[in-house]
Amino acid sequence: DPPPALEGIVEHLLSHLRDIFHTLIHQAVGSAAEGSAPHDAMLHTICKCLHHTLQSYMPQALLPTLPVWMEDILLFMESQCGVIMTSEAQLPRARALKRCLQICAAMVTRHRKQLEGYLGRICRC
């Protein structure tokens, strides 16, 4: 069982950041050619929170919205395929992308049964 504090983090923090994350993902997807958007650092921070949440345990409070989180993560990763990031302004986007890869790695290694239907897309990214 996940620790109660982890459930609290999901209920009181991540659940409220879900819509913001969705908006930031679509902003990043829309600016894929440029390689950066104004709020990429915030996107990276939310990815970091989600990664640390999923690293060891699967909080029960996250299960109902996990498909939506995964759809956004995979959409972001797919939009960045082939984008070469070389400027300093693109660093937050590159860090967010790295966190998304780490989230997928944690999901595959620790929470595989929740990944039904996503494994093929993860492998293609």
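The two residues Ala96 and Phe76 have their closest heavy-atom pair at C-CE2, 3.9 Å. Taking all atoms of both residues into account, the shortest heavy-atom contact from Ser31 to Ala37 is OG-CB, 3.5 Å. Annotation for Leu54 and His111: closest pair O-NE2, 2.7 Å, computed over non-hydrogen atoms.
Note: Leu101 CG to Met77 CE = 4.5 Å, rounded to the nearest 0.5 Å. Atom CG of residue Leu14 and atom CD1 of residue Ile9 lie 8.0 Å apart, to the nearest 0.5 angstrom. Here Ser36 contributes atom OG and Met85 contributes atom CE; the two are 9.0 Å apart, rounded to the nearest 0.5 Å. One distance of note links NE2 of His51 with CD1 of Ile46; it measures 16.0 Å at 0.5 Å rounding. Between the SG atom of Cys47 and the CD atom of Gln102 there is a distance of 10.0 Å, given to the nearest 0.5 Å. Separation of atoms CG (Leu91) and OG1 (Thr86) is listed at 11.5 Å; rounding is to 0.5 Å.
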>> Determine whether Leu50 and Ile73 satisfy the following criterion, side-chain contact (heavy atoms from CB on, under 4.5 Å), listing intermediate values before the conclusion.
In response: CA-CA 11 Å; Leu50 184 60; Ile73 288 167; 3.7 Å; yes
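Contacts classified as ring pair (Phe, Tyr, Trp, His ring centres under 6.0 Å) and involving residues 9-38 (residues at least two apart or in different chains) are given here: Phe21-Trp69, His22-His26.
Evaluation of the side chain to side chain contact (heavy atoms under 4.5 Å, CB included) rule for Ser87 yields Ala89, Gln90 as partners, not counting sequence neighbours.
Looking at Val10 and Thr65, their side chains never come closer than 4.5 Å, going by heavy atoms from C-beta outward. Looking at His44 and Asp40, their side chains never come closer than 4.5 Å, going by heavy atoms from C-beta outward. You'll find the side chain of Thr23 stays beyond 4.5 Å of the side chain of His39, heavy atoms only. Residues Gln27 and Pro38 form a side-chain contact, since some pair of their non-hydrogen atoms from C-beta on lies under 4.5 Å apart. By the 4.5 Å heavy-atom criterion applied to side chains, His52 and Gln55 are counted as neighbours. At least one side-chain heavy atom of Leu66 sits under 4.5 Å from a side-chain heavy atom of Met107. In this structure the side chain of Thr53 never reaches within 4.5 angstrom of the side chain of Leu13, judged on heavy atoms. With contacts defined as side-chain heavy-atom distances shorter than 4.5 Å, the pair Cys100/Gln80 does not qualify.
A donor-acceptor pair under 3.5 Å links the side-chain atoms of Glu7 to the main chain of Ala61, judged by distance alone.
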